[in-house]
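Worksheet: the structure to be examined is printed underneath.
In what follows, chains are A, B, ... by sequence order, proteins preceding strands, each numbered from 1.
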Amino acid sequence: MKTKLTLSPDPIDEAALAKARSISDGMGAVVTFSGVVRGRENEATITSIDYESFDDMAKRQFELIFTEIEQRWPIESIRLVHRTGIVPVNEPSLWVEVVAAHRAEAFDACQHLIDQMKLRVPIWKKPIVT
Amino acid sequence: MKTKLTLSPDPIDEAALAKARSISDGMGAVVTFSGVVRGRENEATITSIDYESFDDMAKRQFELIFTEIEQRWPIESIRLVHRTGIVPVNEPSLWVEVVAAHRAEAFDACQHLIDQMKLRVPIWKKPIVT
Amino acid sequence: MQSKPHIKLTVRFWSYFADVTGCRETAIEAEAGSTLGQLHDLVCKQFPKLAEARNSTLKAVGLDYQDDDFVLSDGDEVSLFPPVQGG
Amino acid sequence: MQSKPHIKLTVRFWSYFADVTGCRETAIEAEAGSTLGQLHDLVCKQFPKLAEARNSTLKAVGLDYQDDDFVLSDGDEVSLFPPVQGG
């Protein structure tokens with residue numbers, strides 16, 4: 001299974017990520033998820049979220065999750081980008097792509113990845129209210 | 001719920017579709033699915049699939065499915081593109097995007113939409129073997 | 001004795017049904033009050049190869065799926081096709 | 001009587017734990033053979049506000065999560081943080 005993991009303060013360019021995709025002829029399903037910063041957090045109107053990441057541990061934990069996924073589903077590739085620092089409302093903080101032969105495993109693996117990330121990957125958010 | 005449905009022989013430009021996305025500040029989840037033509041169909045190596053569509057009925061059936069989704073999940077928008085005619089291996093024949101406040105409903109609605117499409121929408125494929 | 005009144009229907013074939021019948025659509029007359037199931041019988045008599053796929057055939061009138069007991073009206077456009085394969 | 005041997009540990013605080021403690025990391029000495037749970041006790045004594053979040057605190061040594069009974073070694077880097085919120 002190929003994996004590409006990016007933690008970076010740069011904006012997530014979904015169009016460029018789509019263009020950079022390369023999949024083999026046996027693959028029939030591409031599931032992507034974008035997690036976008038919402039304008040309200042805990043009843044307050046916010047302008048952005050400041051994401052703090054323990055980068056080395058986050059990478060380690062993502063790699064552990066990738067390995068679990070590889071053992072459980074026939075996935076060709078996973079690409080994951082998590083933006084760090086300040087992410088304005090309406091922009092994605094997370095982008096995940098899972099490529100597989102069939103859609104059931106692509107959907108299952110993508111959701112599992114996000115579920116596990118939210119349990120284990122050391123990234124935290126601080127809403128900015130201005 | 002906003003919907004945009006396209007049945008067309010043009011290649012699906014996922015980067016352009018990503019760029020054209022516009023979502024409101026309350027939305028936090030974007031799930032997309034691309035169905036890509038695989039290089040093998042029923043044990044045979046193929047070069048492409050020729051998709052035949054009963055366009056008017058396909059649109060009608062998609063609209064019925066959209067209405068069911070709207071009644072069941074809080075979804076802001078659905079965009080769906082199904083390519084018709086000859087689609088080469090490794091290119092998408094289907095692209096779906098579901099936008100919602102939260103990811104559970106976005107994933108559920110996206111999968112339901114594809115499940116229902118495969119039961120009800122009058123589109124057929126003919127593998128091209130050359 | 002008067003002959004029973006008849007209705008005129010268009011029957012459209014999709015996917016490999018068009019290959020099997022050799023046509024994309026045909027005009028059929030049926031007795032007034034005929035159901036979609038009765039029309040399907042008529043079509044299977046005219047195109048015996050369609051009878052083999054009878055149980056898996058999907059049927060629509062206009063743009064909506066209908067059951068065998070749907071009562072047809074003059075001018076209805078009926079579509080017959082194999083299981084769909086979108087995606 | 002000899003004093004028991006000690007190990008030197010680095011404790012790092014993440015997210016609002018750094019605000020509460022006023023520091024991102026601190027050096028702590030503990031008795032050799034101390035567990036992660038015992039270190040957590042020491043830290044909570046030093047920073048009482050962390051004791052309030054004790055039950056929801058996540059703990060890692062290096063880059064891996066560890067349980068309270070994990071035995072620490074000299075030089076270990078321990079991280080304490082609240083529930084994660086990626087995505």
(request) Would you check if B/R103 and A/D115 make a side-chain contact, meaning some heavy-atom pair closer than 4.5 Å? (result) yes

(request) Quick one: closest heavy-atom pair of A/V36 and B/V30, and the distance? (result) CG2-CG2, 4.1 Å

(request) Heavy-atom distances under 4.5 Å only: say whether B/I114 touches chain A with side chain, backbone, both or neither. (result) both

(message) Give me the atom names and distance for the closest heavy-atom approach of A/F107 to B/C110.
(response) CZ-SG, 3.8 Å

(request) Give, as side chain, backbone, both or neither, the part of B/S24 having an atom under 4.5 angstrom from any heavy atom of chain A. (result) backbone

(message) Which heavy atom of B/F33 sits nearest to which heavy atom of A/G28, and what is that distance?
(response) CZ-O, 4.4 Å

(message) With a 3.5 Å distance limit and no angle check, can you tell me whether A/N90 reaches the backbone of B/I23 through a side-chain donor-acceptor pair?
(response) yes

(request) Look at B/K19, B/Q111, B/M27 and state which one has the largest set of heavy-atom pairs under 4.5 Å with chain A. (result) B/Q111

(request) Report the option among A/A15, A/A18, A/A106, A/S34 that has the most heavy-atom pairs separated by less than 4.5 Å from atoms of chain B. (result) A/S34

(message) Rounded to the nearest 0.5 Å, what separates atom CD in A/E14 from atom CD in B/E14?
(response) 12.0 Å

(request) Kindly check if the number of other-residue, nucleotide or ligand heavy atoms within 6.0 Å of NZ (B/K118) is above 12? (result) yes

(request) Report the option among B/P92, B/S93, B/A16, B/A29 that has the most heavy-atom pairs separated by less than 4.5 Å from atoms of chain A. (result) B/A29

